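Position 1 is the first residue of the sequence, and the numbers go up from there. Keep in mind the model is a prediction, meaning the values are calculated, not measured. Computed from heavy atoms alone, side chains included, the values below leave out hydrogens, waters and symmetry copies.
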Amino acid sequence: MCQSTACINYGRLLKGSINSSANPCTDFYSYSCGNFQKTLPYGDRIRDLDDLVSDELVLRMHDILITLEKDNRTKEDYEKKATQFHQLCMDLNATFAKEQMVHILQNLSWPLLTASSQGSPSLPALLKEAHQHGISALFHISRLPDPLHPRDPFWTIEEGRLQLATSIYDSTELREIYRIFMKDLMGTLRRDIENSIYHQIDPIDESDYRKIVNFEAELAGVSHEPLFYKLTIGEFSTGYPNIAKHYNLVDYFQRLTEDDTELQLTWSNVTSDVSTDTIIILKNRDYFETLNTELGKASERDQAVYLGWRILFHYLKLMEEEPQLWSTIQAFWRSMGSRKMELQARWKKCSQMAIDALPDGGLALYRKIYFSTEQTTKIEALLDKLTERAVDLVGTQEWLSDSDKTQAKAKFGKLSRQLPYSEELYSKNLTNLLYTKGIIKYDSFFKTLRTFQRVRQHFVLAGVYGTPIKFTNLLSFASGADYRLETNKNGLIGVFAKNLVPPYFDMTMPQFAQYSTLGFQFSQELAHVVDYEWFMLTKTSETDGAPSNATFQQYHAILGYLLELYRNTSILLQLPLDSETLYEDSADQAALRLSYRAYQDVIRKANDAVLPGFPFENYDFGQMFFLTFAQYFCLNDESVRIKDLARVGYSHPKVRLTALVQNSEEFDTAFQCGRATSGQQLFQIPDPPRKIKYRPGTTAKQIDEWYHWFDRKPGLPTWSKAW
């Protein structure tokens, strides 16, 4: 029996989450997650397992920082800067936070808060001021590494982050509550600063509030397909005249570049000149179509009001210790049907900010304590086992020709990975180099926070690291994993740090928990090795290593079955159909089978451990795998989150889990449900005659164009028409 803290906590979570009165064969979600929200330690603030991981991470980082501050030994430079940052945050009181917010609003020409001695700056200057403080009010501008030219990054323009759940904008009642809340919040703030150097002018009225909420609803409702467009600033300005009418984008980009130079960082082969010919990457064209149309209707005053609105909402978490403002904020969440949220302690905020802002220093501190050589060796062994099992599983797939099986196995043989504890990320000299710059030199805590974030970006893009960093998420506590194709056509998988924090993962936990969480996530990326690059990015059967036309047709017939499975599951559960999920749904199916079979290989050779406090006598190890696997999808339905819950590329968690176990022969056997079918197919196709049939002469290129959702062009059939 495992007696570690991670095992004790996870056993308690699992025992409290299961609803044994449900039937696992007909409703596995209710069986495994039925009591999840009733046993959460923090009420509505926790929505899912990822939030529990975040809380554990904050607690661990706080302990690390406090221990470091008390340590009298000579510290490394990055350790000194980490403790300075933490202390600076802890010394920040609510009054100072409020004053900083008011200062930013004043500089942004906020109509309610304008200094009598100053005029209104230009809108590009207002956006730059917001961007310096980490606020993406209307759209977000940053730099993106070019895989072919890592020292010459692209500028990127992407949609702004509204931070509210899209469900708020879908409900007339919730939209009205939100409008009243912002009106009350502004009124409280205005009363709070009356008699100061600021005075009220040009108050906004009911129509202004409704206009802003409706504007946000328009932006929240646009498509979130991951479409990318490479164009120049001049072409962007021509294509979106209403945006260009109000914002001089060349001037805006130039101002950001000038601000970068204040950090005194060296960018090799990167020019600071910005012109209409500067290349940018545009993300989510639909968002900018809507923004372009709506901005054409708005005056500069309306835009300034909206900027102030977004900034005010952005700083809610930093102001919640102010009694009057907190009461208004609390009333808002109660009106949304949420139970009273716990007032987050200052130490939690500062630890979380350290996690978010420190450029790889926070992760370096965590790695130093929690990733021993023994632990990293065990993790590597687990990932090696999964990769070996993937090769074996590919060999059993009847829909692959013999030559295609050989090609697929070769891809796994050339596969590499980057991990968050890799030595190439954390040499002593490099980590100290990140912190030798004078980056804590500002009076403003918020500007310091923003500067930390910019330093991380600079060093990643400038190629300071001895080896290229393919996944910038490896420098932060991101969750999940990712697969990409390198320029030499070999695959690369990155596993991010949050995956290796309890209750997602801990080396002391039983192996069924390790394979069902980390194993499943890594297996998803292994599945992409033979679909994402091989099927989606290969344009013609004449390309070296491309699968045959017959394999293409079989593969898309499988996708046809999955499309119907997930659509019917969504309808059965009365949940909305999410867009562009099919390739991730396909990877889910392969990942479950792969991770489960790899775990079966382990327990054939040795027994597994059990969790304390859990009625293990009622379950075997196979069933325990599926029960721990299910926790990854459990949701607290009563939670209201201050973030966009749109799922890009993934089905709803309830749909994902239900469709997975309904289509799993292994689950059927483990729980003795009596639906098992024979065969070794990666995806079960119970009705072969219903496979998609293509016209004679259909080529792999034509099939691929129908289903390739990254490069889909106007005029190509959508999913519904393709079938």
Quiz item: Taking atom CG of L14 and atom CZ of F36, what is their separation to the nearest 0.5 Å?
Solution: 11.0 Å
Quiz item: Is the F629 ring parallel, tilted or perpendicular to the F626 ring (thresholds 30°, 60°)?
Solution: perpendicular
Exercise. Kindly write out the residues that satisfy ring pair (Phe, Tyr, Trp, His ring centres under 6.0 Å) with F512, not counting sequence neighbours, or none if the list is empty.
Key: none
Self-check item: Under the salt bridge (charged side-chain N to carboxylate O under 4.0 Å, His left out) test, residues paired with K368 that sit two or more places apart
Solution: E79
Quiz prompt | side chain to side chain donor-acceptor pair (under 3.5 Å) involving E525 - partner list, sequence neighbours excluded | solution = none
Quiz prompt | Heavy-atom side-chain contact between D585 and V655 under 4.5 Å | solution = no
Quiz prompt | Criterion side-chain contact (heavy atoms from CB on, under 4.5 Å) on E584 and H528, from CA distance to verdict | solution = CA-CA 9 Å; E584 293 299 340; H528 287 316; 3.3 Å; yes
Practice problem: Mind listing the closest non-hydrogen atom pair of Q514 and M507 along with its distance? | Solution: NE2-O, 3.3 Å
Practice problem: Check the pair T658, F28 against side-chain contact (heavy atoms from CB on, under 4.5 Å), reporting the backbone distance first and the verdict last. | Solution: CA-CA 7 Å; T658 302; F28 189 58; over 6 Å; no
Practice problem: Evaluate the criterion side-chain contact (heavy atoms from CB on, under 4.5 Å) for residue pair D601 and R604; output intermediate values, then yes/no. | Solution: CA-CA 5 Å; D601 292 343; R604 285 192 191 101; 2.7 Å; yes
Quiz item: Just how far is it from atom OG of S416 to atom CD1 of I493, taken to the nearest 0.5 Å?
Solution: 8.5 Å
Quiz item: Is there side-chain contact between Y599 and L386, with heavy atoms separated by less than 4.5 Å?
Solution: no
Quiz item: Of all residues at least two apart in sequence or in a different chain, which pass the ring pair (Phe, Tyr, Trp, His ring centres under 6.0 Å) check with F412?
Solution: none
Practice problem: For residues F633 and L49, determine if any side-chain heavy atom of one lies less than 4.5 Å from a side-chain heavy atom of the other. | Solution: no
Quiz item: If every non-hydrogen atom of F496 is compared with every non-hydrogen atom of P420, which pair is closest and at what distance?
Solution: C-CG, 3.9 Å
Quiz item: So do the side chains of Y421 and T373 get within less than 4.5 Å of each other, counting heavy atoms only?
Solution: no
Quiz item: Looking at G16 and N35, what are the two nearest heavy atoms and their distance?
Solution: O-CB, 2.9 Å
Quiz item: For D588, does its backbone N or O pair with a side-chain atom of Q524 as donor and acceptor, under 3.5 Å?
Solution: no
Exercise. Would you please name every residue forming a ring pair (Phe, Tyr, Trp, His ring centres under 6.0 Å) with Y31, sequence neighbours left out?
Key: none
Exercise. Please answer whether the main-chain N or O of L52 pairs with a side-chain N or O of E56 as donor and acceptor at a distance below 3.5 Å.
Key: no
Exercise. Working to the nearest 0.5 Å, report the span between CG of L415 and CG of N490.
Key: 8.5 Å
Practice problem: Report the residues that fulfil side chain to side chain donor-acceptor pair (under 3.5 Å) with D384, sequence neighbours left out, ordered by chain and then residue number. | Solution: R417
Practice problem: Establish, yes or no, whether a centroid distance under 6.0 Å links the rings of F625 and Y596. | Solution: yes
Exercise. First locate atom OH of Y29, then atom NZ of K654, and finally report the distance between them rounded to the nearest 0.5 Å.
Key: 5.0 Å
Exercise. For residues Y504 and D50, determine if any side-chain heavy atom of one lies less than 4.5 Å from a side-chain heavy atom of the other.
Key: yes
Quiz prompt | Under 3.5 Å: donor-acceptor pair, side chain of D48, backbone of L635 | solution = no
Quiz prompt | side-chain hydrogen bond (donor to acceptor under 3.5 Å, both in side chains) between S516 and T628, worked out | solution = CA-CA 6 Å; S516 64; T628 53; 2.8 Å; yes
Exercise. Please name all residues satisfying salt bridge (charged side-chain N to carboxylate O under 4.0 Å, His left out) with E388, sequence neighbours left out, ordered by chain then number.
Key: none
Practice problem: Work out which heavy atom in A598 is nearest to a heavy atom in K385; give both atom names and the distance. | Solution: CB-CG, 4.3 Å
Exercise. Evaluate the side-chain proximity of V53 to P503: yes if any heavy-atom separation is below 4.5 Å, no if none is.
Key: yes
Practice problem: Walk me through it: do I379 and F505 pass the test side-chain contact (heavy atoms from CB on, under 4.5 Å)? | Solution: CA-CA 10 Å; I379 294 172; F505 178 83; 3.8 Å; yes
Quiz item: Going from OG1 on T376 to CG on L419, what distance comes out if it is rounded to the nearest 0.5 angstrom?
Solution: 9.5 Å
Quiz item: Would you say the side chain of L68 lies within less than 4.5 Å of the side chain of K75, judging by non-hydrogen atoms?
Solution: yes
Quiz prompt | Side-chain (S664) to main-chain (L660) donor-acceptor, under 3.5 angstrom | solution = no
Quiz item: Among all residues two or more places apart in sequence or in another chain, which pass the salt bridge (charged side-chain N to carboxylate O under 4.0 Å, His left out) test with D71?
Solution: R73
Self-check item: Non-hydrogen atoms of S54 and K498 that approach each other most closely
Solution: OG-NZ, 2.6 Å
Self-check item: Residue list, salt bridge (charged side-chain N to carboxylate O under 4.0 Å, His left out) with K378, at least two apart or on another chain
Solution: E374
Quiz item: Got a donor-acceptor contact below 3.5 angstrom from the S17 side chain to the L13 backbone?
Solution: no
Quiz prompt | Listed partners of Q375 passing side chain to side chain donor-acceptor pair (under 3.5 Å), at least two apart | solution = none
Self-check item: Taking every non-hydrogen atom, the tightest pair across M61 and S351
Solution: CG-O, 4.1 Å
Quiz item: Of all residues at least two apart in sequence or in a different chain, which pass the ring pair (Phe, Tyr, Trp, His ring centres under 6.0 Å) check with F621?
Solution: F616
Quiz prompt | Exercise: do H62 and Q352 side chains pair donor with acceptor under 3.5 Å | solution = no
Practice problem: Check the side chains of R60 and Y366 for a donor-acceptor pair under 3.5 angstrom, ignoring hydrogens and angles. | Solution: yes
Quiz prompt | Qualifying salt bridge (charged side-chain N to carboxylate O under 4.0 Å, His left out) pairs, either residue in residues 606-622, two or more places apart | solution = none
Exercise. Measure the spacing between CD1 of I64 and CD1 of I66 and express it to the nearest 0.5 Å.
Key: 11.5 Å
Quiz item: Taking side chain as C-beta onward, heavy atoms only, is M624 less than 4.5 Å from P510?
Solution: no
